2 protein chains.
Amino acid sequence: MKKYLNILGKCPLFFGIGQDELLRMLVCLGAKAEFYDKKYTVFAEGSRAKYIGIVLSGSVQITQVDFYGNRSILSVIGAGQVFAEAFACAEVEEMPVSVVANEPSEIMIIECAHVLHTCENRCAFHRQLIFNLMKDLATKTITFHKKIDITSKRTTREKLMAYLMHEAKRAGGNSFDIPFDRQELADYLEVERSGLSAEISKLQKEGVLESRKKHFTLL
Amino acid sequence: MKKYLNILGKCPLFFGIGQDELLRMLVCLGAKAEFYDKKYTVFAEGSRAKYIGIVLSGSVQITQVDFYGNRSILSVIGAGQVFAEAFACAEVEEMPVSVVANEPSEIMIIECAHVLHTCENRCAFHRQLIFNLMKDLATKTITFHKKIDITSKRTTREKLMAYLMHEAKRAGGNSFDIPFDRQELADYLEVERSGLSAEISKLQKEGVLESRKKHFTLL
DNA sequence: GAAAATATGTTGAATTTTCAACAAAATGAG
DNA sequence: CTCATTTTGTTGAAAATTCAACATATTTTC
């Protein structure tokens, strides 16, 4: 587990917990690390929601597929971030979403019950862990506010621009990479891929932005 | 505060806490109750996010208004439910949404810091309170999954039907009331009011549903 | 490096939504 | 009860999206 200490130190779940303490804690929590190739499913829709996931390297997508086969991407979780914690904490029976590796990724899996209920060894920092989990859950809610802010726009152009503004703000500049290819961006914005491509072309001709694959620059 | 004990007993935030203990706790938390008339603002977008709200009677809407004045309704919070907890727990500077009374409502307001940090009197059930708050936050995240599941549909008809299915499931039957008038339902589904009215008419003519104001029956 | 597979861009037709304007119905005030 | 206000339903035109089909890049595989 030692090789993961660096990335875990950046994980909001372990904020304020020292490396030595963290190592002991991981044992106590029964943490396991697993490797997933691109497009492999980490948690499947419908499976029991008992585990919290942490991305050690790479990234995963949280996706939903409706009755007609339309995919909707709810969010992308990058290295150091936590996923599936809401379902585990809310104690829902089945996962309402799937978690799929976005690229070759290492994933740490922890049984949620181990986090919520203090173990017999009474880890000193358990209280901190629970506090961190709470802040993480609150932050997740706000992530969804962002997505709703974007997808509540009525046109493809408005959705795209709202999304790019958010990304620019996050990147701290007008030039940045997005974690989506065109189809995925369409599935995140809840629009048609072809219409999205057309809109990107139009915005480039208008001189509003430049885009080459996953790299965008707002002008 | 005694008159609120009944409804507070149903609030997920106070699950597992007895009435006597709850009364003491409310003092300790500095809880205040306030009355709001319909359409009055409980928390305004842009204000400091320090407080957790609990609906004692009536209901409130969580709304967002974009640059062009389009309102989007994120959720409706009914009696016994908690709101604004995510922003307070995530320690965001400004509220990204407004909270508006949906009808004449009594609201309890608690400073979030009082919940997160154990008070000097060391309330015995503080641990339970924090645990409850965590589960509440997790449940909120899932509420947003539901909304995204609905609004990710591409047509007004599909959005409406997805919404009504959810409501029927919640009501445990095919006949139920919704907490929205037509304009509000449109703002929740992220569609045009006129288009929504037309779609409801069409579905009635097709014999798929019956609707009179806020009451719907799926056939 | 060539072939195959995947991703992206382009287009026109069909569908759907939005917008604006107005009619009808329901609600509220006095 | 009546008038004023608000809500809901209806409609047609304009705008936008979806869909399907194909052209063009780009990436992957052998």
Side-chain angles (χ1 to χ4, degrees), chain A residues 37-39 61 66-73 100-104 150-163 177-206 208-216, chain B residues 37-39 61 66-73 100 102-104 150-164 177-206 208-216:
Chain A
D37 256 325
K38 183 170 179 171
K39 294 193 179 175
Q61 294 178 344
D66 77 7
F67 186 73
Y68 299 102
N70 298 311
R71 175 180 67 171
S72 166
I73 296 179
V100 179
N102 204 19
E103 55 191 302
I150 291 168
T151 57
S152 70
K153 299 282 183 297
R154 299 305 163 80
T155 66
T156 300
R157 168 177 290 229
E158 282 177 321
K159 287 180 190 180
L160 174 61
M161 290 307 293
Y163 171 71
D177 286 308
I178 66 171
F180 298 124
D181 63 28
R182 290 289 182 272
Q183 181 63 61
E184 289 169 337
L185 180 56
D187 289 343
Y188 179 80
L189 299 179
E190 321 285 7
V191 299
E192 264 296 310
R193 180 197 61 77
S194 64
L196 174 62
S197 270
E199 205 61 56
I200 290 173
S201 295
K202 204 187 291 181
L203 284 164
Q204 288 192 93
K205 278 178 197 131
E206 291 175 19
V208 177
L209 56 81
E210 279 173 8
S211 140
R212 222 194 55 188
K213 299 170 56 176
K214 296 185 174 186
H215 190 79
F216 283 78
Chain B
D37 256 324
K38 183 170 180 172
K39 294 194 179 175
Q61 295 178 343
D66 78 4
F67 185 71
Y68 298 102
N70 298 313
R71 174 180 67 170
S72 166
I73 297 178
V100 179
N102 203 19
E103 53 191 304
I150 292 168
T151 58
S152 70
K153 300 282 184 294
R154 299 305 163 78
T155 64
T156 300
R157 168 177 290 231
E158 282 178 320
K159 287 180 191 182
L160 174 62
M161 289 307 293
Y163 172 71
L164 294 176
D177 286 309
I178 66 171
F180 299 123
D181 63 28
R182 291 289 181 271
Q183 181 63 61
E184 290 169 337
L185 179 56
D187 289 343
Y188 179 79
L189 300 179
E190 321 284 8
V191 300
E192 263 296 309
R193 180 198 61 79
S194 64
L196 174 62
S197 270
E199 206 60 59
I200 290 173
S201 294
K202 204 187 289 180
L203 284 164
Q204 289 192 94
K205 276 175 199 138
E206 291 175 18
V208 178
L209 57 82
E210 279 172 8
S211 141
R212 220 194 56 189
K213 299 171 57 177
K214 296 185 174 185
H215 190 80
F216 283 77

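Below, chain A is the first sequence line, B the second, and so on; all start at residue 1. Only a predicted model underlies this, so the values are computations on that prediction, with no experimental measurement involved.
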Nearest whole Å is fine: how far is [N] [atom2] from [X] [atom1]?
X	N	atom1	atom2	value
B:Glu192	C:dA21	CD	P	13 Å
A:Glu190	C:dT17	CD	C1'	17 Å
B:Gln183	D:dT8	CD	P	9 Å
B:Leu189	C:dT16	CG	C1'	16 Å
A:Leu196	C:dG9	CG	C1'	11 Å
B:Glu184	D:dT7	CD	C1'	11 Å
A:Lys202	D:dT17	NZ	P	8 Å
B:Leu160	C:dT16	CG	C1'	15 Å

Check every atom of [options] against the side chain of [X] and return the nucleotide holding the closest atom.
X	options	value
B:Ser201	D:dG9, C:dA7, D:dT17	D:dG9
B:Ala198	D:dT11, C:dG9, C:dT18	D:dT11
B:Lys39	D:dT7, D:dG9, C:dT17	D:dT7
B:Arg193	D:dT7, D:dT10, C:dT8	D:dT10
B:Glu199	D:dA16, D:dT8, C:dT17	C:dT17
A:Ser197	C:dA26, C:dT8, D:dT8	C:dT8

Practice task
Would you please confirm or rule out a distance under 4.0 Å between OP1 or OP2 of C:dT17 and any side-chain N or O of B:Thr156?
Solution key: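 Indeed, a polar side-chain atom of B:Thr156 lies that close.
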Handout entry: Residue-phosphate contact under 4.0 Å: B:Arg157 side-chain N/O, C:dT16 OP1/OP2
Key = no
Practice task
May I ask you to say what A:Arg154 touches in the nucleic acid, namely base, sugar-phosphate or nothing, with a heavy-atom cut-off under 4.0 Å?
Solution key: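 Sugar-phosphate contact only.
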Handout entry: Sugar-phosphate, base or nothing in reach of A:Ser194, heavy atoms under 4.0 Å
Key = base
Handout entry: Value rounded to 0.5 Å, distance of CD in B:Glu190 from CZ in A:Arg154
Key = 6.0 Å
Practice task
Measure the shortest side-chain to side-chain distance between A:Ile200 and A:Phe216 over non-hydrogen atoms and say whether it is less than 4.5 angstrom.
Solution key: yes
Handout entry: Close side-chain approach of B:Asn102 and B:Lys38, heavy atoms under 4.5 Å
Key =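 They are not in contact (no side-chain heavy atoms under 4.5 Å apart), so the answer is no.
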Handout entry: Heavy atoms from other residues, nucleotides or ligands near NZ of A:Lys214 exceed 12 (cutoff 6.0 Å)
Key =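 It does: A:Lys214 NZ has more than 12 such atoms within range.
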